[in-house]
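Worksheet for the structure shown next.
As the structure lists them, so they are numbered: ligands from 1, and atoms in each ligand from 1.
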Amino acid sequence: MSHDHKQYERLTFDSFKNRANDGNLSPYEKIGFPDSYRKDKELDIFFDISKKLELEQEKTTIIDIGCGCSDLVKHLIANSKKLNQTLILNDSEEMLSHIEKSDEAIKIAGRFPDNYKCLIQYENQVDAILVYSVLQHIILEANHFTFIDKCLDLLMPEGRLLIGDIPNMTKRNRFFLSSKGQKTHEEYHRGKEVPPLPLTHDFTEKIDDALLFGILHRYRALGHETYLIPQANNLPMATRREDILIVKN
Ligand SMILES: C[S@@+](CC[C@H](N)C(=O)[O-])C[C@H]1O[C@@H](n2cnc3c(N)ncnc32)[C@H](O)[C@@H]1O
């Protein structure tokens with residue numbers, strides 16, 4: 001892999017706006033991924049999400065918060081057209097400008113939940129909310145519990161919130177310390193001197209088991225059902241990322 005990891009570090013809402021405006025970046029790079037992580041993989045990602053959020057139902061209302069501008073959002077739009085769903089897409093104006101105008105999708109610009117007044121009409125009415133590959137950016141500049149509280153305010157009873165594609169550094173460390181992880185590391189560096197395992201020791205601004213279990217615990221205590229679920233094995237980062245599903249009660 002030839003990409004420079006540094007350019008993908010500490011991406012805030014405003015740095016994503018700059019990426020969206022950068023004409024030299026591919027859609028995957030605009031949303032913070034090297035092409036090799038997402039190109040040709042977003043249909044598999046969509047299928048995994050669709051199962052967890054039950055997106056194959058007709059006439060439901062779905063919100064994608066931090067929708068980005070790559071193929072994943074296109075798959076959501078196509079699905080919602082097919083099934084007569086109301087699809088609301090939220091991201092910065094700059095990111096949303098790359099998504100084709102579609103009569104079926106409603107675009108709401110602005111940083112969630114600062115833009116909550118634009119969404120208040122959907123309070124208690126939404127069947128499913130997707131927050132995919134976003135939590136790691138929220139924790140850099142806001143309180144993630146406030147973010148999730150406001151998502152739950154939008155959901156109807158039994159509505160589902162998927163906080164997906166969460167990079168969990170403790171899971172990543174466990175993977176590299178496993179025999180499969182060590183083999184993967186050696187194969188990645190085959191033919192060269194193999195460096196030490198890329199373990200994370202500094203958890204500053206990183207997500208770990210404690211942060212995820214805190215989310216599961218808080219929303220159970222508030223009366224909802226919460227689940228920590230793996231990603232399908234064919235997803236590009238399944239060894240180090242996982243998803244949280246919250247079902248509103
Ligand atoms: C890593 S990208 C993921 C995009 C898309 N969900 C995907 O997985 O293909 C993160 C996106 O979240 C958006 N974002 C970050 N913080 C946000 C916030 N507070 N409200 C709305 N969008 C946000 C960024 O602009 C960016 O497009």
Proximal candidate to atom 7 (C) of ligand 1 [heavy atom criterion; set R38, H98, R19, Q136]: R38
Protein residue, atom and distance nearest to atom 19 (N) of ligand 1, heavy-atom basis: F112 O, 2.9 Å
Mutual orientation of the aromatic rings belonging to H185 and H189 [parallel < 30°, tilted 30-60°, perpendicular > 60°]: perpendicular
Short N-O contact, E54 and R160, less than 4.0 angstrom: yes
D165 and ligand 1 - part of the residue with a heavy-atom distance under 4.0 Å: neither
For atom 3 (C) of ligand 1, the protein heavy atom that lies nearest, with its residue and separation: Y132 O, 3.5 Å
Per-residue contact class, P113 against ligand 1 - non-hydrogen pairs under 4.0 Å: neither
H137 and ligand 1 - part of the residue with a heavy-atom distance under 4.0 Å: side chain
For atom 21 (C) of ligand 1, closest protein heavy-atom neighbour: N90 OD1, 3.6 Å
Residue, atom name and distance, where the atom is the protein heavy atom closest to atom 27 (O) of ligand 1: D91 OD2, 2.7 Å
Atoms in ligand 1 flagged as close to C67, the criterion being non-hydrogen separation under 4.0 Å: 4 (C), 5 (C), 6 (N)
Aromatic centroids of F16 and H137 separated by under 6.0 Å: yes
Part of K17 with heavy atoms under 4.0 Å of ligand 1, whether side chain, backbone, both or neither: neither
Nearest non-hydrogen protein atom, atom 2 (S) of ligand 1: I31 O, 3.2 Å
Closest protein heavy atom (residue, atom, distance) for atom 4 (C) of ligand 1: G66 O, 3.3 Å
Cationic N near anionic O, under 4.0 Å, R10 to E205: yes
Salt-bridge contact D14-K17 (side-chain N to carboxylate O under 4.0 Å): yes
Plane angle bin for F147 and F112 - parallel if under 30°, tilted between 30 and 60°, otherwise perpendicular: perpendicular
Top protein contact for atom 17 (C) of ligand 1, by heavy-atom distance: F13 CD1, 3.4 Å
